[in-house]
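Numbering starts at 1 and runs along the sequence shown.
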Amino acid sequence: MAEQFGDAWHLGPITQTGLTEAHVGAPNVRATGGVSVTPAGRTQVTLVSLSRLRVRGLVNFTTANLARLTLVYAPEPSVVALLAGGAAALAWIGWRRQRAARH
């Protein structure tokens with residue numbers, strides 16, 4: 001008979017304890033998710049989840065299964081171009097007002 005117990009997705013570190021192989025303790029399993037951002041604005045989110053599989057029969061053991069989900073977000077060039085164009089237009093309007101005020 002086999003039973004599997006799942007877990008939620010985690011962004012930080014998680015540890016699975018109480019693992020066994022043939023009634024002998026096995027090392028704990030540790031996984032860590034995280035967020036990283038590059039200078040260009042690309043964002044990578046890594047989520048981790050540990051599940052436990054328990055098998056009972058001729059050989060009894062409990063083991064951990066690791067699942068990793070990586071999501072990558074990249075800024076769209078059109079948004080960057082739109083923001084840069086807006087900033088340039090505001091700078092141009094300010095320059096024209098200063099020039100008009102001097103004359």
Margin query: So, taking the atom named CG in L50 and the one named CZ in R30, what distance separates them when rounded to the nearest 0.5 Å?
Written below: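 Those atoms lie 10.5 Å apart.
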Compare every heavy atom of [Y] with every heavy atom of [X], then report the nearest pair and how far apart it is.
{"X": "P13", "Y": "T32", "answer": "CB-OG1, 3.7 Å"}
{"X": "L66", "Y": "A31", "answer": "CD1-CB, 3.5 Å"}
{"X": "T43", "Y": "V35", "answer": "CG2-CG1, 4.1 Å"}

In a table with atom names and distances, give each donor-acceptor pair under 3.5 Å that connects a side chain of residues 86-99 to protein atoms at least two apart or in another chain.
none

Checklist line | Counterpart residues, side chain to side chain contact (heavy atoms under 4.5 Å, CB included), relative to L69 (two or more places apart) | finding: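 Only W9, L47, L71 meet the side chain to side chain contact (heavy atoms under 4.5 Å, CB included) criterion with L69.
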Margin query: Could you work out, with side chain to side chain contact (heavy atoms under 4.5 Å, CB included) as the rule, every residue matching R42, not counting sequence neighbours?
Written below: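 For R42, the residues satisfying side chain to side chain contact (heavy atoms under 4.5 Å, CB included) (neighbours in sequence not counted) are T38, Q44, V72.
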